Protein chains: 2
Amino acid sequence: MNKSSENPRERISDAEHAVMEVLWDRGTLTASEVCEEVCGKRGWSLPTVKTLLSRLVQKRAIETRPDGRRFLYSPIMARADYVGGESKRLVDRLFGGKAASLVAHLAESEALSENDLAEIEALLKELKQ
Amino acid sequence: MNKSSENPRERISDAEHAVMEVLWDRGTLTASEVCEEVCGKRGWSLPTVKTLLSRLVQKRAIETRPDGRRFLYSPIMARADYVGGESKRLVDRLFGGKAASLVAHLAESEALSENDLAEIEALLKELKQ
DNA sequence: CCGGCTTGATTACACCTGTAGTCATCGCGA
DNA sequence: TCGCGATGACTACAGGTGTAATCAAGCCGG
């Protein structure tokens, strides 16, 4: 019944993701510290951040450690895993699973700058070593 | 108040996207024809498809033309626009807007096959003409 | 020692989404 | 002509999401 207590990998929503970014960036923080980082940018209040944090705990994306009367929050899910999952979802949904099609699209729609192109080229060269 | 009647570009959900794909593929269809295409694959019923279609009409992603007592549905939003928008969202959210970072991630996570790499390389060559 | 601030927990609530049932209508076939 | 089937409109409803108020408890400064 209750997936959240079993499944270690639940879908992370947009707002939750903003919180994750802060934790990935800074490692371990209290709720108030997270709020300092995001409440300004997104116009949230501390209660909102707390809700997001507890949902992330339920989803087993982060974990808590008691520190006196408060909690320290730190990420469990690795950023690379999240990024990889989301990228794969997109590629599957929109490009039939062909990552090259995504790159082609980016190139054609001019989402890639000269600089991007150069970087990719360098990357390819490296991959072919 | 009511964005749906003003804003021509509303966010398309996952299920709605499945319907859009059919319309992009086939052009203009009746509700039943759409259902024939997707109800099998996704285990939906005709009413579900009709709901999705009317939501898409509200979101101004598709339009209807009366044909006798029924409607013909056809896309307004271009697939390329949708794909571009979604790709941009992802790149912005996860890669700080740097498309090259997305490509780098795909490469590093081995989401790119030999074939993909070759294709991308060819693309780059072409772009630099 | 006590009241106020900090903090997590609980509750709230509107909107979106996925999925579908029901209803009224209207034209086609018998 | 008349009932049936197809069709769009309306309604439903549970679960997720964004955003927050409120509550209870406990520690800290006065």
Side-chain angles (χ1 to χ4, degrees), chain A residues 1-5 7 9-23 28-36 38-74 86 89 93, chain B residues 1-5 7 9-23 28-36 38-74 86 89 93:
Chain A
M1 311 292 108
N2 188 2
K3 286 264 178 59
S4 41
S5 61
N7 195 337
R9 199 56 55 97
E10 294 243 359
R11 186 138 184 72
I12 288 176
S13 82
D14 234 57
E16 286 157 8
H17 168 239
V19 169
M20 287 305 290
E21 284 296 342
V22 175
L23 290 173
T28 295
L29 296 176
T30 67
S32 319
E33 285 165 342
V34 172
C35 187
E36 271 166 38
V38 288
C39 286
K41 277 177 227 166
R42 317 259 308 202
W44 289 341
S45 65
L46 181 56
T48 299
V49 169
K50 295 208 178 150
T51 301
L52 294 174
L53 283 170
S54 56
R55 285 180 186 167
L56 284 168
V57 169
Q58 271 171 21
K59 294 182 181 179
R60 307 207 161 271
I62 65 180
E63 68 187 352
T64 55
R65 183 158 45 85
D67 171 48
R69 74 196 137 291
R70 63 201 179 157
F71 277 151
L72 297 178
Y73 298 85
S74 21
E86 291 295 300
R89 268 178 58 84
R93 275 196 339 136
Chain B
M1 314 294 108
N2 188 1
K3 286 264 179 59
S4 39
S5 59
N7 194 336
R9 199 58 54 97
E10 293 244 358
R11 186 140 181 72
I12 288 176
S13 82
D14 235 58
E16 287 158 8
H17 170 238
V19 168
M20 287 305 289
E21 284 295 342
V22 175
L23 290 174
T28 295
L29 295 176
T30 67
S32 318
E33 285 166 341
V34 172
C35 187
E36 271 168 37
V38 288
C39 286
K41 278 176 223 164
R42 316 262 307 204
W44 289 342
S45 64
L46 181 55
T48 297
V49 169
K50 294 205 178 153
T51 300
L52 294 174
L53 283 170
S54 56
R55 286 179 185 169
L56 284 168
V57 169
Q58 271 170 23
K59 294 181 181 180
R60 309 206 160 270
I62 65 179
E63 68 186 352
T64 54
R65 182 157 46 85
D67 172 48
R69 74 196 138 290
R70 64 200 179 160
F71 277 151
L72 297 179
Y73 298 85
S74 21
E86 290 296 299
R89 267 178 59 84
R93 276 197 337 137

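This one's a predicted model, so the numbers in the text were calculated from it and none came from an experiment. As a basis for the values below, the full set of heavy atoms in this structure was taken, side chains included, without hydrogen atoms, waters or symmetry mates.
The distance between atom CD of Q58(B) and atom C1' of dG8(D), rounded to the nearest whole Å, is 13 Å. Rounded to a whole Å, the CG atom of D67(A) is 13 Å from the C1' atom of dC27(D). Rounded to an integer number of Å, the gap from NE2 of H17(B) to P of dG18(C) is 12 Å. The CH2-P distance, from W44(A) to dA21(D), rounds to 15 Å in whole Å. With rounding to whole Å, E16(A) atom CD is found 6 Å from dG18(D) atom P. Rounded to whole Å, the distance from CG on L46(B) to P on dG18(C) is 18 Å. As rounded to whole Å, 13 Å separates atom P of dT7(C) from atom CG of L29(A). The interatomic distance linking L52(B) (CG) with dA9(D) (P) rounds to 14 Å, in whole Å.
Remark: S54(A) pairs with no residue by the side-chain contact (heavy atoms from CB on, under 4.5 Å) rule, at least two apart or across chains. The side chain to side chain donor-acceptor pair (under 3.5 Å) check on R70(B) picks up D67(B), with sequence neighbours excluded. In this structure, the side-chain contact (heavy atoms from CB on, under 4.5 Å) partners of T51(A), at least two apart in sequence or on a different chain, are R55(A).
Ranking dA20(D), dG18(C), dT17(C) by closeness to the S45(A) side chain, first place goes to dA20(D).
Across all strands shown, T48(A) has heavy atoms under 4.0 Å from base atoms, whether or not it also approaches the sugar-phosphate.
Recorded end-axis angle for the helix from dC1(C)-dG30(D) to dA30(C)-dT1(D) stands at 20°, based on five pairs per end and rounded to 10 degrees.
For the atom pair CD1 (I62(A)) and CG (L29(A)), the distance works out to 10.5 Å, reported to the nearest 0.5 Å. Note: Y73(A) OH to L23(A) CG = 10.0 Å, rounded to the nearest 0.5 Å.
Ion pairing between a basic and an acidic side chain is recognised when a charged N comes within 4.0 Å of a carboxylate O; R89(B) and E86(A) show no such pairing.
Side chains of P66(B) and F71(B) form a contact here, defined as non-hydrogen atoms less than 4.5 Å apart. The shortest distance between side-chain heavy atoms of S74(B) and R65(B) does not fall below 4.5 Å.
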For nucleotides 8-15 of chain C, give me every protein contact, N/O to N/O, under 3.5 Å, one pair per line with atom names.
{"unit_1": "dG8(C)", "atom_1": "OP1", "unit_2": "F71(A)", "atom_2": "N", "d": "2.9"}
{"unit_1": "dG8(C)", "atom_1": "N7", "unit_2": "K50(A)", "atom_2": "NZ", "d": "2.9"}

Donor-acceptor list for residues 14-21 of chain A side chains, cut-off 3.5 Å, not counting sequence neighbours:
{"unit_1": "D14(A)", "atom_1": "OD1", "unit_2": "R93(B)", "atom_2": "NH1", "d": "2.9"}
{"unit_1": "E16(A)", "atom_1": "OE1", "unit_2": "S13(A)", "atom_2": "N", "d": "2.8"}
{"unit_1": "E16(A)", "atom_1": "OE1", "unit_2": "S13(A)", "atom_2": "OG", "d": "3.4"}
{"unit_1": "E16(A)", "atom_1": "OE1", "unit_2": "K59(A)", "atom_2": "NZ", "d": "2.8"}
{"unit_1": "E16(A)", "atom_1": "OE2", "unit_2": "K59(A)", "atom_2": "NZ", "d": "3.1"}
{"unit_1": "H17(A)", "atom_1": "ND1", "unit_2": "R93(B)", "atom_2": "NH1", "d": "3.4"}
{"unit_1": "H17(A)", "atom_1": "NE2", "unit_2": "E21(A)", "atom_2": "OE2", "d": "2.8"}
{"unit_1": "E21(A)", "atom_1": "OE1", "unit_2": "R79(A)", "atom_2": "NE", "d": "3.1"}
{"unit_1": "E21(A)", "atom_1": "OE2", "unit_2": "R79(A)", "atom_2": "NE", "d": "3.2"}
{"unit_1": "E21(A)", "atom_1": "OE2", "unit_2": "R79(A)", "atom_2": "NH2", "d": "3.0"}

